[in-house]
Amino acid sequence: DLMADEQSNLPKEFSEKYLITKKIGAGVCGEVKLAFERATCKKVAVKTINKKDFPASLGTATRNAEREIQILKKIDHPCLIKTEDFFQTDDSYYIVLELMEGGELFDRVKSKNQIEESIAKLYFYQMLKAVEYLHNNGIIHRDLKPENVLLSSQDDICVIKITDFNQSKILEESALMRTLCGTPTYLAPEVFTDAVTVGYSSAVDAWSLGVVLFVCLAGYPPFHPNAQTGLSVRDQITQGIYTFIPSKWDGISDDAKDVVKRLLLVDPNARLTIEEALHHPWLMDEAMKETAECIMYPRDSGDAAEADAAEADASTTKRSREDDDDEQ
Ligand SMILES: C/C(=N\O)c1ccc(O)cc1O
């Protein structure tokens, strides 16, 4: 029986806590299954990472995965996937993550062909807030793509969450960084120009979000193998060559196009930062931001009632103070 042997080769302490059922996604370094927490019947997603799938030596795999777990434990934002639990055996890691009933943004764009501009803006705003949080915590995602953006429900208006931090890079204090802080009197020139020093910056995430926004709005990627230009995808990217196909972009606002143009700039210093993108006219949309804040930070009925009572009380106090003032 499929379910039985599914359950059999899991770590015992995992099986005692969770019941694994069907496969719901497959990532580059493992697969995602739906599971139930036995004690609460709560649905969760379990990402299995097979240690042997890493061609590199086990050492790097362990370091990457341990680093991913360390990263996942540190973050807390409504648009970033939370890790609920973690187990490992000799050959696999089992990461228990919150379940996102809407699946991957990648599949949503595929099924809808193009996402309506106001919905794309709502999703993009949430991605910007999530990546702003990562950057403020010294984390660069480095692998933002529609497969790594999950939707909380089948509805258009829903919370999105970014996942897959295994390429994330925490700006660790490195020996090289310490060296560069000291006086370079005796430092060889290559230490400054060496590739490691040049490294990337958080601007790589802004570029990727530009590509994700382009795909959501237009339903096709800006850089792809195509005959016309005769350029490789790599050359299209390094030269920043892409096309707004009229039939796909005619119904889309100039503001939306402008955000894409300013994110897909080859020069990282000219490119919009996440902060600047959040202040672009296209995102200066109070109605969208209100909706986003509401779904990102839902106030359940209890809180809402409490908050309303507090507000009512405050306004009563204020009114009585005004009455007193009037009497004086
Ligand atoms: C990784 C993940 N949640 O954390 C997930 C991945 C794919 C899918 O369809 C649903 C999901 O919840």
Side-chain angles (χ1 to χ4, degrees), residues 2-3 6 10-11 14 17-51 53-54 61 64-88 92-112 115 119 122-123 126-127 129-131 133-134 137 139 141-168 205 208-209 212 215-216 295-296 298:
L2 188 72
M3 298 268 276
E6 189 86 58
L10 293 168
F14 178 92
K17 198 169 173 187
Y18 301 97
L19 172 68
I20 272 217
T21 61
K22 64 179 180 169
K23 185 168 166 182
I24 51 176
V28 65
C29 56
E31 58 181 14
V32 182
K33 290 184 179 156
L34 173 66
F36 291 85
E37 185 177 21
R38 293 180 191 275
T40 60
C41 285
K42 188 179 152 213
K43 290 195 274 191
V44 291
V46 179
K47 186 167 147 185
T48 313
I49 299 181
N50 226 322
K51 289 181 186 176
D53 280 353
F54 284 81
N64 281 347
E66 308 294 9
R67 191 167 69 173
E68 167 163 355
I69 305 304
Q70 171 216 349
I71 287 168
L72 287 173
K73 283 203 167 105
K74 181 178 160 191
I75 59 162
D76 178 17
H77 186 277
C79 296
L80 289 172
I81 283 285
K82 279 183 190 48
T83 306
E84 313 217 339
D85 220 338
F86 170 69
F87 301 85
Q88 65 174 308
S92 294
Y93 292 104
Y94 298 87
I95 306 172
V96 180
L97 300 159
E98 53 187 312
L99 180 70
M100 296 294 277
E101 309 269 359
E104 298 176 6
L105 174 62
F106 180 79
D107 297 319
R108 183 72 60 93
V109 175
K110 234 167 42 180
S111 66
K112 289 198 174 269
I115 292 188
I119 301 298
L122 179 68
Y123 295 168
Q126 293 180 72
M127 290 181 231
K129 294 303 279 180
V131 176
Y133 174 90
L134 286 178
N137 283 277
I139 297 174
H141 190 293
R142 293 194 304 167
D143 192 22
L144 289 168
K145 53 191 174 187
E147 297 86 326
N148 286 341
V149 177
L150 302 172
L151 300 156
S152 59
S153 85
Q154 295 297 340
D155 302 336
D156 280 349
I157 301 215
C158 67
V159 175
I160 64 98
K161 290 179 191 265
I162 291 177
T163 186
D164 234 352
F165 292 80
N166 52 4
Q167 273 82 30
S168 294
D205 286 341
S208 304
L209 285 183
V212 171
V215 169
C216 288
I295 57 179
M296 286 162 68

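Ligands are counted one by one from 1 in listed order, and the atoms in each one are counted from 1 as well.
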- Backbone N or O of Glu104 within a donor-acceptor pair of the Glu147 side chain at under 3.5 Å? no
Short version for Ile81: what comes under 4.0 Å of ligand 1, heavy atoms counted, is side chain
Only one of Ile160, Asn148, Ile115 passes side chain to side chain contact (heavy atoms under 4.5 Å, CB included) with Leu105, and that residue is Ile115
> Any heavy atom of Lys47 sitting closer than 4.0 Å to ligand 1?
Replying inline: no
closest protein heavy atom to atom 2 (C) of ligand 1 is Leu150 CD1, 3.4 Å
Scanning both residues in full, the closest heavy-atom pair of Tyr18 with Glu37 reads CD2-CA, 3.7 Å
Judged by heavy atoms only, the candidate from Glu84, Met100, Lys23, Glu31 nearest atom 12 (O) of ligand 1 is Met100
Residues Leu97 and Glu84: closest non-hydrogen pair is C-CG, 4.0 Å
For Ala45, the atoms of ligand 1 under 4.0 Å from one of its heavy atoms are 2 (C), 3 (N), 4 (O), 12 (O)
Smallest heavy-atom separation, Asp205 atom then Arg142 atom, equals OD1-N, 2.9 Å
Atom 3 (N) of ligand 1: of Glu147, Glu98, Lys43, the nearest heavy atom sits on Glu98
The atoms of ligand 1 lying under 4.0 Å from a heavy atom of Leu99, numbered in the order shown, are 12 (O)
Taking only non-hydrogen atoms of Gly103 and a 4.0 Å limit, the atoms of ligand 1 in range are 9 (O)
ask   = Taking the side chain as C-beta and beyond, is there a heavy-atom pair between Leu10 and Phe87 under 4.5 Å?
value = no
